[in-house]
Amino acid sequence: MEVRVRYAPSPTGLQHIGGVRTALFNYFFARANGGKFILRVEDTDRERYSDESLQDLYSTLDWLGIKWDEGPVVGGPHGPYIQSERLPLYQEYAKKLVDMGKAYYCYCTPERLENLRKKQEEEKSPQVGYDRHCRNLTEEERAELEKQGIKPVIRLKVPTEGSTTFHDILMGDITRENKDISPDPVLLKSDGFPTYHLANVIDDHLMGITHIMRAQEWIPSGPLHVLMYEAFGWEIPQYCHLPMVMGKETDPVTGEVHFAKLSKRHGSTSVRDFRAKGYLPEALLNYVSLVGWSYDSETEFFTREELEKVFSLEKINTAPGVFDYQKLDWFNGQYMRRRSNEDLAQLLMPYLKDAGILKDEDMDKLLDFVPGIKERITLLSDIVPMCSFVREYQVPSVEMLIPKKMDQAGTLTALKAVYEVVKQCMESGDSDDQMQQKLCDLAVKLGIKNAGVFNPLRIALTGLQVSPPPFSCLRLLGCEESYRRIECAIKVLEA
RNA sequence: GGUUCCAUCGUCUAGGGGUUAGGACGGGAGAUUCUCAGUCUCUAAACAGGGGUUCGAUUCCCCUUGGAACUACCA
């Protein structure tokens, strides 16, 4: 049978690491098994819905290079794939359940439910949740309530005895006493929209989903969903609950370490944030895939294409995993260095433009600059502080310009000589290597260390103690500005 | 509180009845280079505890402990 899996987010916020990890695992599983990856939008919460979230979903998957076989935009044989466009379907099936005596209308007001909850809390009642008040309403009572114009919800009649078991590919059998299952949860809201529980079961069935891969936070509602499949008389799909992605936080006062479901508290969680900070899609995809999954003890670099071949359920971990920002950074640096200079320059330019450091026509300069800084940045955005010297030049002090074990007079002599060499090299169009050689020769001639020629030059050009290599700076600044700055520094040393 | 799930270095993990328990990030040390990075080398660091089963358990079983998730007319 063909594998059919789905990613079914709700557009109520930006796509975050946890969600994307679920999407990735589903997608890879489908690809690795020659199956179909379906995208379904679960927009049944109209209070929290936002169009921005929906657009973010599309742009995030697009950025990561994840294409869905069926879903919004691309369509498919089981559409529509947006739940708000399937309302009649849910209503029909919910009624069917009522007709079968497996669900019932409930007329309880939100206020009554709220009071019930409060009471249960106060009494520390072991039984929490709905009290099944409307479960056994007579026809007359129902008619009376209808007449009052109360819009009812439909609740599932959860058995009060026995237990329900479902099988999880990773976890094995999971059993829950029916009395412990959420007491008669709402299936159809009073606004006619389904809740997650109803919509998800109906759609997964209708769309022929074979494997449900979702985060472990859904385990508690597994038996509930099974009850619904059974009520409808439908085949139960395979379940595979994915380990949660956690965040780590250290209490600033006590120093205690806490773990919890990854959230904004822990740092950036939305893919959009990572993207804006200058993470590369291949780095994020690679790292995220490794939280809760591994291939073997050695391999850690995977392209999307490789994961599409090599991904397997058996290698998924059962324990939750902590999202390690540092390791992501490391991956990003690695992938940064794997990109071509041209690619990188293209990716870097928007940051520099935003910062008002370069313009589009400076692309050649940037291209000259990239090789020198490629291994110095871990995020694309790192380029901005690294280039700020172009715009802001603080004339360096005498102390800054003088390298260790040298004096002012010696430095002055060196810098003057360096200036001559640099000028000559730039004018004759020497390569960095040639310039390097000539300056090293100069150092020998002057009887000083390499640092004695390179450091004053670099600091003269940037006004910074820490900066990119001098040749890169020279090229980024251009001859005119470079000469001006070197002359500035020479004046400082002459004073 | 109730229910369910989980448990190998600080973190991500490999392994699995007999191993010097392997790798990666991060940490520490050193080398290299014009600063900073980067790169290379070396290094410290783990089977939560207690019972079984077994000739032998980190590995299988049970308990304890610890952690997490769920407990909405949210998903």
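Here is how names work: the chains are called A, B, and so on, in the same order as the sequence lines, proteins then strands, and each is numbered from 1.
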Quick one: does NZ or CZ of [X] land under 6.0 Å from the six-membered ring centre of [Y], within 45 degrees of the ring axis?
X: A:R142; Y: A:Y107; answer: no
X: A:R21; Y: A:F25; answer: yes
X: A:R155; Y: A:Y105; answer: no
X: A:K423; Y: A:Y419; answer: yes

Using atom names, set out every protein N or O paired with an N or O of nucleotides 29-31 of chain B below 3.5 Å, distance rounded to 0.1 Å.
none

Strand partner of [N], provided both Watson-Crick or wobble distances fall under 3.5 Å:
N: B:U19; answer: none
N: B:A48; answer: B:U64
N: B:C9; answer: none
N: B:C70; answer: B:G2
N: B:A29; answer: B:U41
N: B:U58; answer: none

For [N] and [M], measure between their [atom1] atoms and round to the nearest Å.
N: B:U71; M: B:C63; atom1: C1'; answer: 26 Å
N: B:A68; M: B:U8; atom1: P; answer: 15 Å
N: B:C34; M: B:C42; atom1: P; answer: 25 Å
N: B:U58; M: B:A48; atom1: P; answer: 10 Å
N: B:C74; M: B:C60; atom1: P; answer: 42 Å
N: B:A29; M: B:A44; atom1: P; answer: 15 Å
N: B:U43; M: B:G23; atom1: C1'; answer: 16 Å
N: B:U41; M: B:U35; atom1: C1'; answer: 23 Å

Side chains of [X] and [Y]: do they bring a donor and an acceptor to under 3.5 Å?
X: A:Q436; Y: A:D432; result: no
X: A:D329; Y: A:Y279; result: yes
X: A:N332; Y: A:T378; result: no

[X] has an atom [atom1]; how far is it from atom [atom2] of [N], in whole Å?
X: A:Y335; N: B:C25; atom1: OH; atom2: P; answer: 14 Å
X: A:I219; N: B:C5; atom1: CD1; atom2: P; answer: 8 Å
X: A:L242; N: B:C5; atom1: CG; atom2: P; answer: 17 Å
X: A:L262; N: B:G67; atom1: CG; atom2: P; answer: 20 Å
X: A:L446; N: B:C34; atom1: CG; atom2: P; answer: 15 Å
X: A:E177; N: B:U3; atom1: CD; atom2: P; answer: 10 Å
X: A:Q465; N: B:C34; atom1: CD; atom2: P; answer: 16 Å
X: A:L461; N: B:C34; atom1: CG; atom2: C1'; answer: 12 Å

Requested in this report: For A:T175, report the nucleic acid contact type (base, sugar-phosphate, nothing); a contact means any heavy atom under 4.0 Å.
Outcome: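 Result for A:T175 = sugar-phosphate.
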
Query raised in the report: Got a sec, which pairs hit side chain to side chain donor-acceptor pair (under 3.5 Å) with one end in residues 216-225 of chain A, sequence neighbours left out?
Result: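 Sorted pair list: A:H197-A:H225, A:R214-A:H225, A:E217-A:K261.
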
Report task. For A:N286 and A:E300, indicate whether the former's side chain and the latter's backbone hold a donor-acceptor pair under 3.5 Å. Result ->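 Checking the backbone N and O of A:E300 against the side chain of A:N286, a donor-acceptor pair under 3.5 Å is found.
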
Query raised in the report: Checking A:K119 side chain against A:E114 main chain: does a donor-acceptor pair fall under 3.5 Å?
Result: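 No; judged by distance alone, with no hydrogens or angles, the pair does not exist.
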
Could you pull out the protein-nucleic contacts involving nucleotides 8-15 of chain B (nitrogen or oxygen on both sides, under 3.5 Å)?
residue: B:G10; atom: O2'; partner: A:K248; partner atom: NZ; Å: 2.7
residue: B:C12; atom: OP1; partner: A:V322; partner atom: N; Å: 3.0
residue: B:C12; atom: O2'; partner: A:L290; partner atom: O; Å: 3.0
residue: B:U13; atom: OP1; partner: A:G292; partner atom: N; Å: 2.4
residue: B:U13; atom: O3'; partner: A:S294; partner atom: OG; Å: 3.2
residue: B:A14; atom: OP1; partner: A:S294; partner atom: OG; Å: 3.1
residue: B:G15; atom: OP1; partner: A:K315; partner atom: NZ; Å: 3.2

Requested in this report: For A:D343 and A:R338, run salt bridge (charged side-chain N to carboxylate O under 4.0 Å, His left out): C-alpha distance rounded to whole Å, both residues' side-chain angles, the deciding distance at 0.1 Å, then the answer.
Outcome: CA-CA 10 Å; A:D343 269 4; A:R338 290 175 180 215; over 6 Å; no

Requested in this report: Determine the interplanar angle of the A:Y287 and A:F331 rings, folded into 0 to 90°, and report it as parallel if under 30°, tilted if 30 to 60°, perpendicular if over 60°.
Outcome: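 Judged by the thresholds at 30° and 60°, the geometry between A:Y287 and A:F331 is tilted.
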
Query raised in the report: When every nucleotide of nucleotides 70-75 of chain B is labelled 5' to 3' by its protein contacts under 4.0 Å (heavy atoms), B for base, S for sugar-phosphate only, - for none, what sequence of letters results?
Result: SS-BBB

**Report entry** Under-4.0 Å side-chain N/O to phosphate OP1/OP2 contact, A:N455 with B:C34
**Finding:**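 For A:N455, the contact criterion (side-chain N or O under 4.0 Å from OP1 or OP2 of B:C34) is not met.
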
Report task. Only counting residues at least two apart or in another chain, list the ones meeting side-chain contact (heavy atoms from CB on, under 4.5 Å) with A:D296. Result ->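 Result, side-chain contact (heavy atoms from CB on, under 4.5 Å) vs A:D296: A:E298, A:T299.
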
Query raised in the report: For the salt bridge (charged side-chain N to carboxylate O under 4.0 Å, His left out) test, which of A:R135, A:K157, A:K102 pairs with A:D184?
Result: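 When salt bridge (charged side-chain N to carboxylate O under 4.0 Å, His left out) is applied between A:D184 and each of A:R135, A:K157, A:K102, only A:R135 qualifies.
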
Requested in this report: Nearest-nucleotide wise, let me know which of A:P468 and A:H258 is further upstream toward the 5' end of RNA chain B.
Outcome: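 The 5'-side residue here is A:P468.
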
Query raised in the report: Is A:D441 salt-bridged to A:K438, going by a charged N under 4.0 Å from an acidic O?
Result: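 No, no charged N to carboxylate O under 4.0 Å.
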
Sub-3.5 Å pairs of nitrogen or oxygen atoms, protein against nucleotides 37-43 of chain B:
residue: B:A37; atom: O2'; partner: A:E375; partner atom: O; Å: 3.2
residue: B:A37; atom: O2'; partner: A:R376; partner atom: O; Å: 3.4
residue: B:G38; atom: O4'; partner: A:E375; partner atom: O; Å: 3.2
residue: B:U39; atom: OP1; partner: A:Q334; partner atom: NE2; Å: 3.0

Query raised in the report: Testing A:L401, A:V418, A:V421 for side-chain contact (heavy atoms from CB on, under 4.5 Å) with A:L457, which one passes?
Result: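 It is A:V418; the other options fail the test.
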
